Trainee: 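Can you keep this structure in mind? I'll have questions shortly.
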Amino acid sequence: MGEVVKVGMADLNIAKPPQTIRTSGLGSCVGIILYDEKVNVSGMAHIMLPNSSYARAGVLNRAKYADTAINDLMDILSKEGVAKYRIKAKIAGGAQMFKFSSNNEAMRIGPRNVEAVKQILEKLKIPIIYEDVGGSSGRTIEFDPMTGLLEIRTVNKGVVQV
Amino acid sequence: MIDLSKIGAQYLDILREVGNIGAGNAATALSQMLNKTIDMNVPAVRVVPFKEIGDTVGGEEAVVAAVFLLIEGDAPGNMFFMLPVNEASRFIQQLTGDPSIDFSDEPLNEMASSALNEVGNILAGSYLSALSDFTKLNLQPTPPAIAVDMTTAILSFGLVELSRAGDYAIVIDTEINEKNNDDTIRSKGHFFLLPDPDSLNKILQALGVPLDG
């Protein structure tokens with residue numbers, strides 16, 4: 001068993017075999033995996049907000065926003081010898097954990113995160129190989145850079161590998 | 001904007017006192033509902049980086065039943081009432097007299113979820129009204145919503161507004177305990193208050209101790 005690289009909320013990191021990379025408890029957040037099957041280096045980001053323009057002030061944590069996180073992850077991966085044209089993506093998360101009758105915009109953050117991630121990946125011409133998004137369940141995900149398999153765990157549906 | 005990671009200990013003490021007043025009121029309401037002695041600890045007030053927020057309640061993936069309410073009014077924020085799933089089931093069984101209630105069922109029993117919603121409503125209401133009296137701020141809870149899921153997935157939902165301003169949350173965490181007949185204590189759950197960034201200063205200002213700068 002290799003070491004598990006942990007990615008926290010508003011955090012990103014990379015993993016190489018025999019490591020796997022994992023993030024826990026994705027709610028409205030989205031987990032993005034960028035991987036290259038030839039070099040076997042993978043990156044994962046756990047984003048909270050769609051766009052860095054949401055930031056109010058102070059120092060920007062670039063790993064928190066879909067746009068800056070994906071950009072930074074691409075940069076890190078390319079330094080690891082990953083070719084941009086080979087990069088593929090798997091994404092999970094963006095749930096709406098609670099259903100409110102009130103029309104609060106913050107409640108729709110999950111779907112908005114997913115939309116933003118898809119737009120950015122499309123712009124970068126990165127194909128999304130698998131997505132498990134939306135719904136109302138939290139997800140824990142773990143990716144194996146060696147096999148390209150993503151394990152998704154939810155409270156009610158157990159574990160699936162894709 | 002306040003840098004939460006640098007907030008002084010004296011302010012945390014004041015917030016602890018504020019939380020204590022709210023929790024005391026909520027404990028009384030809960031004790032009456034269950035006809036049992038329910039204690040709430042003096043709240044812990046912590047500044048927690050997002051990365052570690054799951055650790056505050058029994059691990060990131062611990063499954064909890066949660067009631068979530070938004071606080072509206074002068075000092076907006078989020079409120080969570082969280083119980084481990086088995087405690088939530090036991091709790092609502094006692095309250096409704098229906099022993100078949102189980103919060104790990106999917107989909108959720110409607111009776112069970114509306115009972116838990118109501119509990120959350122009463123607790124939040126009594127907590128906030130004590131807070132309101134004390135600070136003279138107008139604070140209203142929205143109707144509650146419920147979810148059974150992983151702790152981090154649930155809490156992250158309350159961090160959206162906070163996350164626009166920084167990477168830390170100020171968590172006013174009250175542990176809820178039940179005293180058994182033999183005087184032993186068992187932990188039942190948590191009551192979280194997550195004030196929005198600007199609300200913190202409003203609460204402190206209302207108490208006559210605004211943050212510097």
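Note that these values count all heavy atoms, side chains included, but never hydrogens, waters or copies made by symmetry. In what follows, chains are A, B, ... by sequence order, proteins preceding strands, each numbered from 1. In this text, all values refer to a predicted model and were calculated from it rather than measured experimentally.
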Trainee: Report which part of L26(A) has an atom under 4.5 Å of a heavy atom belonging to chain B: side chain, backbone, both, or neither.
Mentor: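 Just its backbone gets close to chain B.
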
Trainee: Hey, is NZ on K202(B) packed in by over 12 heavy atoms from elsewhere, all under 6.0 Å?
Mentor: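 Counting neighbours around NZ of K202(B), more than 12 heavy atoms of other residues, nucleotides or ligands fall under 6.0 Å, so yes.
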
Trainee: Quick one: side-chain hydrogen bond (donor to acceptor under 3.5 Å, both in side chains) partners of D132(A), sequence neighbours excluded?
Mentor: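 Testing D132(A) for side-chain hydrogen bond (donor to acceptor under 3.5 Å, both in side chains), a comparison that skips the adjacent residues, returns R139(A).
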
Trainee: Work out which heavy atom in A65(B) is nearest to a heavy atom in A88(B); give both atom names and the distance.
Mentor: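 Distance-wise, the nearest heavy atoms are CB-CB, 3.7 Å.
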
Trainee: Would you confirm whether Q32(B), through its side chain, and A29(B), through its main-chain N or O, come within 3.5 Å as a donor-acceptor pair?
Mentor: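 A pair under 3.5 Å: no.
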
Trainee: Between M48(A) and chain B, which part of the residue has a heavy atom less than 4.5 Å away: side chain, backbone, both or neither?
Mentor: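 The answer is the side chain of M48(A).
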
Trainee: Please determine, among T154(A), T140(A), D11(A), V7(A), the option with the most heavy-atom pairs under 4.5 Å with chain B.
Mentor: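 Most heavy-atom pairs within the cutoff with chain B belong to T140(A).
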
Trainee: Suppose the criterion is ring pair (Phe, Tyr, Trp, His ring centres under 6.0 Å): which pairs have a residue in residues 119-148 of chain A, not counting sequence neighbours?
Mentor: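 Sorted result for residues 119-148 of chain A: Y35(A)-F143(A).
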
Trainee: Using non-hydrogen atoms and a limit below 4.5 Å, what part of residues 69-92 of chain A faces chain B?
Mentor: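 Result: none.
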
Trainee: Can you list everything that forms a side-chain hydrogen bond (donor to acceptor under 3.5 Å, both in side chains) with T96(B)? Sequence neighbours excluded, please.
Mentor: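 If we apply the side-chain hydrogen bond (donor to acceptor under 3.5 Å, both in side chains) test to T96(B), skipping adjacent residues, there are no hits.
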
Trainee: Given side chains that start at C-beta, do those of I21(B) and L131(B) come closer than 4.5 Å, heavy atoms only?
Mentor: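 Counting from C-beta outward, I21(B) and L131(B) never come under 4.5 Å.
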
